[in-house]
Novice: 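Below is the structure I would like to discuss, written out as structure tokens.
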Amino acid sequence: MALARREIAPEQIKEQMAVCARLRAARGEGERFAMVDTYGCQQNESDSEILRGYLREMGYTVTDDEQAAEVIVVNTCAVREHAQMRVFGNVGALTHIKREHPERIVVLCGCMAQSETIREQIRRSYRMVDLCFGPNDIWRFPELLERTFQVHGLPGNRSRVFEATEEGAVIEGVPRARDGSVKAWLTIMNGCNNFCSYCIVPYVRGRERSRRPEEVVAEAAALVAAGYRDITLLGQNVNSYGRGLDEKVDFADLLRRINAIEGDFRIRFMTSHPKDATERLFEAMAECEKCAPHIHLPVQSGSDRILRAMNRHYTRSQYLTVAETARRYIPGLVLTTDVIVGFPGETEEDFLDTLRLTEEVEFDSMFTFIYSRRPGTPAAELPDNASREEIQSRFDRLVESANAVSARLHRAQEGKTLRVLIDGPGRSGEYNLSSRTAGGRLVHLRGDETLIGSWADARITGSNTYALFGELV
Ligand code: SAH
Ligand code: SF4
Ligand code: F3S
């Protein structure tokens, strides 16, 4: 997999900034609005911050109000059929805005846009989309938008802009408009080389490529200096960070370097692939006092046969060893996971292996998905054997069991006093503050809103499946 690592040169980003300035000047005075709607994972949330950063450079005020926005960007996800259907539904609904205001621009970008088939479908059936580009083109959004505007400027010319560069690159120095002021995403790498047989991500996000550690550390230091208290390092498989870089550096090294930054902050990361989660990583986690005692370690299935068919490169027993080792190194570790139910060929026995594994490990929380066939992936060719009803029943049983485990683990926290970071306003009835424990458990609190952004001690007074409830002490 030794492909050349392509970096977008700083001059290329400068050119994009010049386009932003040009667009801003061309549009003149008066407040103008733009919005970005995000689907999918944290990577996409992080990409949307770049899109908003560029829009701000173009002089737009970023809004959530679809009616007011002159530019509507939909940053899409292709991981499951359901996500795609939602995008198509919501983009389709923009027809009426476009009818009333034909000058408005609709942009569809992100993972769906990387698929040739989907681009064709948009070209043909979603005429309201003016600009469509894939994740590898995000750094040149200004240039693409300018081209779209130019086309729009010509009376009667309704041609549209469609781009999807195959090869991914590393980008530095792009503007970002971050969501929030307490928690920040920090992308350390892009793409994925794992090719799990069910997954579309390697096809839409390209090959794995890491940012240089000094760039990552500089961005982390800038975030800390700007007052961020909770930094999540992002990558599809952070454990393989550093491959392909000239400097010999791995994820454990990177954690240590970020941990050495002065300041009062916490480091989180996701996602870790169990096949690459080594003792070296757990050692670094245990040693770095700023590293949150949390690991998201997607197991996907508890059946060796299915794990092999998924191309996951570990067995049930290896997974159990990894989980056990992690807990040994990191006291109070919060362990979370993803599971797919109904992979082609999964039998009731395979499913029971999954159910038993999750009950044995006792995950703090679990994201459960029904397998979704992704055309172009190897698993899409495999025959289904279980019926929809059977798969739904497995899903329901797994969720019920996972919820019971979460509720039990949460109940065990009652009466304890935990250190939390108050990270935003609350959304749960009379609890007006939301906070997280070091391990990432959600704690609803009551208190003064000026406390947002600070650490506090909370006595846990209640709990449910999803969260803890507490009072400040
Ligand atoms: N790189 C991360 C995230 C991948 S997408 C990882 O490896 O964990 C997040 C989750 O979506 C995956 O962990 C998997 O559980 C789920 N997923 C991916 N493809 C899927 C598919 N085709 N059908 C159902 N769930 C899927
Ligand atoms: Fe998809 Fe597997 Fe890569 Fe995760 S590790 S993004 S599940 S191919
Ligand atoms: Fe979806 Fe793309 Fe993330 S497919 S899960 S937005 S990498």
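Start at 1 and go down the list; that is how both ligands and their atoms are numbered. Position 1 is the first residue of the sequence; numbering continues from there.
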Novice: Give the atom numbers and elements of ligand 1 that come within less than 4.0 Å of a heavy atom of Tyr371.
Specialist: 23 (N), 24 (C)

Novice: Show which atoms of ligand 1 fall inside a sub-4.0 Å distance from at least one heavy-atom site of Arg80.
Specialist: 11 (O), 16 (C), 17 (N), 23 (N), 24 (C), 25 (N), 26 (C)

Novice: Between atom 2 (Fe) of ligand 2 and Cys192, is there an N, O or S atom separated by less than 2.8 Å?
Specialist: no

Novice: In terms of atom number and element, which parts of ligand 2 are under 4.0 angstrom from non-hydrogen atoms of Pro202?
Specialist: 8 (S)

Novice: Decide whether the shortest distance between a heavy atom of Ile200 and an atom of ligand 1 is less than 4.0 Å.
Specialist: no

Novice: Could you tell me, atom by atom, which parts of ligand 3 come under 4.0 Å of a heavy atom of Cys41?
Specialist: 3 (Fe), 5 (S), 6 (S), 7 (S)

Novice: Test side-chain hydrogen bond (donor to acceptor under 3.5 Å, both in side chains) on Glu208 and Ser240; report intermediate values, then the result.
Specialist: CA-CA 9 Å; Glu208 205 170 88; Ser240 56; 2.9 Å; yes

Novice: Any heavy atom of Arg205 closer to ligand 2 than 4.0 angstrom?
Specialist: no

Novice: Counting only heavy atoms closer than 4.0 Å, does ligand 2 sit against the backbone of Arg312, its side chain, both, or neither?
Specialist: side chain

Novice: Only heavy atoms of Gln236, strictly under 4.0 Å: list the atoms of ligand 2 that pass.
Specialist: 6 (S)

Novice: Walk me through whether Asp47 and Arg52 qualify under salt bridge (Lys or Arg N to Asp or Glu O under 4.0 Å).
Specialist: CA-CA 9 Å; Asp47 283 353; Arg52 291 195 190 97; over 6 Å; no

Novice: Less than 6.0 angstrom from the centroid, inside 45 degrees of the normal: does Arg86 satisfy that with respect to the ring of Tyr39?
Specialist: no

Novice: Could you check whether Asn193 and Arg207, counting side-chain N and O atoms only, form a donor-acceptor pair closer than 3.5 Å?
Specialist: yes

Novice: Give a yes or no on whether the backbone of Ala9 and the side-chain of Gln12 come within a donor-acceptor separation of less than 3.5 Å.
Specialist: yes

Novice: With a 4.0 Å heavy-atom cut-off (strictly under), which part of His296 contacts ligand 1: side chain, backbone, both or neither?
Specialist: neither

Novice: For the residue pair Phe282 and Tyr329, categorise the inter-ring angle as parallel (less than 30°), tilted (30 to 60°) or perpendicular (more than 60°).
Specialist: tilted

Novice: Are Tyr371 and Asp384 linked by a side-chain donor-acceptor pair shorter than 3.5 Å?
Specialist: no

Novice: Identify which of Thr337, Asp338, Leu234, Val299 has a heavy atom lying nearest to atom 13 (O) of ligand 1.
Specialist: Asp338

Novice: Students should be able to answer this: which protein heavy-atom is nearest to atom 5 (S) of ligand 2, and at what distance?
Specialist: Asn194 ND2, 3.3 Å

Novice: How are the rings of Tyr314 and Tyr319 set to each other: parallel, tilted or perpendicular (split at 30° and 60°)?
Specialist: tilted

Novice: What protein heavy atom is closest to atom 4 (S) of ligand 3, reported as residue, atom name and distance in Å?
Specialist: Ala78 N, 3.2 Å

Novice: Crowded around Glu166 CD? As in, over 12 foreign heavy atoms under 6.0 Å?
Specialist: no

Novice: Counting each atom of ligand 3 from 1 as listed, which ones have a heavy atom of Gln236 under 4.0 Å away?
Specialist: 7 (S)

Novice: Taking only heavy atoms of Phe195 into account, list the atoms of ligand 2 that are under 4.0 Å away from them.
Specialist: 8 (S)

Novice: Please confirm whether Phe395 and Phe369 have ring centers closer than 6.0 angstrom.
Specialist: no

Novice: Does ligand 1 have any atom that is closer than 4.0 Å to a heavy atom of His273?
Specialist: no

Novice: For Gln300, counting its heavy atoms only, list the atoms of ligand 1 lying under 4.0 Å from any of them.
Specialist: 12 (C), 13 (O), 14 (C), 15 (O)

Novice: Any chance you could measure Leu281, atom CG, to Asp276, atom CG, to the nearest 0.5 Å?
Specialist: 10.0 Å

Novice: Which bit of Phe369 is near ligand 1, meaning a heavy atom under 4.0 Å away: side chain, backbone, both or neither?
Specialist: side chain

Novice: Take atom CD in Glu120; do more than 12 heavy atoms of anything else shown fall under 6.0 Å from it?
Specialist: yes

Novice: Purely on distance, is any nitrogen or oxygen of Arg312 under 3.5 Å from one on ligand 1?
Specialist: no

Novice: So, Glu283 and Arg280, do they make that salt bridge, N to O below 4.0 Å?
Specialist: no

Novice: Using a 4.0 Å heavy-atom cut-off, say whether Pro298 meets ligand 1 through its side chain, its backbone, both or neither.
Specialist: side chain

Novice: If I apply the N/O under 3.5 Å rule, does Asn237 come out as touching ligand 1?
Specialist: no

Novice: When you measure from atom 7 (S) of ligand 2 to every protein heavy atom, which one gives the shortest distance, and what is it?
Specialist: Tyr198 OH, 3.4 Å

Novice: Around atom 2 (Fe) of ligand 3, find the nearest protein heavy atom and jot down its residue, atom name and distance.
Specialist: Cys111 SG, 2.2 Å

Novice: Should we count CG of Asp246 as having more than 12 external heavy atoms under 6.0 Å?
Specialist: no

Novice: Under 2.8 Å from atom 1 (Fe) of ligand 3, is there an N/O/S atom belonging to Cys77?
Specialist: yes

Novice: Is any N or O atom of Gln236, backbone or side chain, closer than 3.5 Å to an N or O atom of ligand 1?
Specialist: yes

Novice: Check step by step if ring pair (Phe, Tyr, Trp, His ring centres under 6.0 Å) holds for Tyr126 and Phe88.
Specialist: CA-CA 8 Å; Tyr126 290 82; Phe88 278 132; 4.8 Å; yes

Novice: Can Val79 be said to touch ligand 1, with heavy atoms closer than 4.0 Å?
Specialist: yes

Novice: Show the atoms of ligand 2 that are less than 4.0 angstrom away from any heavy atom in Cys199.
Specialist: 1 (Fe), 6 (S), 7 (S), 8 (S)

Novice: Under 4.0 Å, counting heavy atoms only: does Val201 come that close to any atom of ligand 1?
Specialist: no

Novice: Tell me whether Glu359 is salt-bridged to Arg397, with the criterion being a basic N under 4.0 Å from an acidic carboxylate O.
Specialist: no

Novice: Could you pull out, from Cys196, Ser272, Pro298, the option with a heavy atom nearest to atom 8 (S) of ligand 2?
Specialist: Cys196

Novice: So between Val201, Asn44, Val79, whose heavy atom ends up nearest atom 6 (S) of ligand 3?
Specialist: Asn44

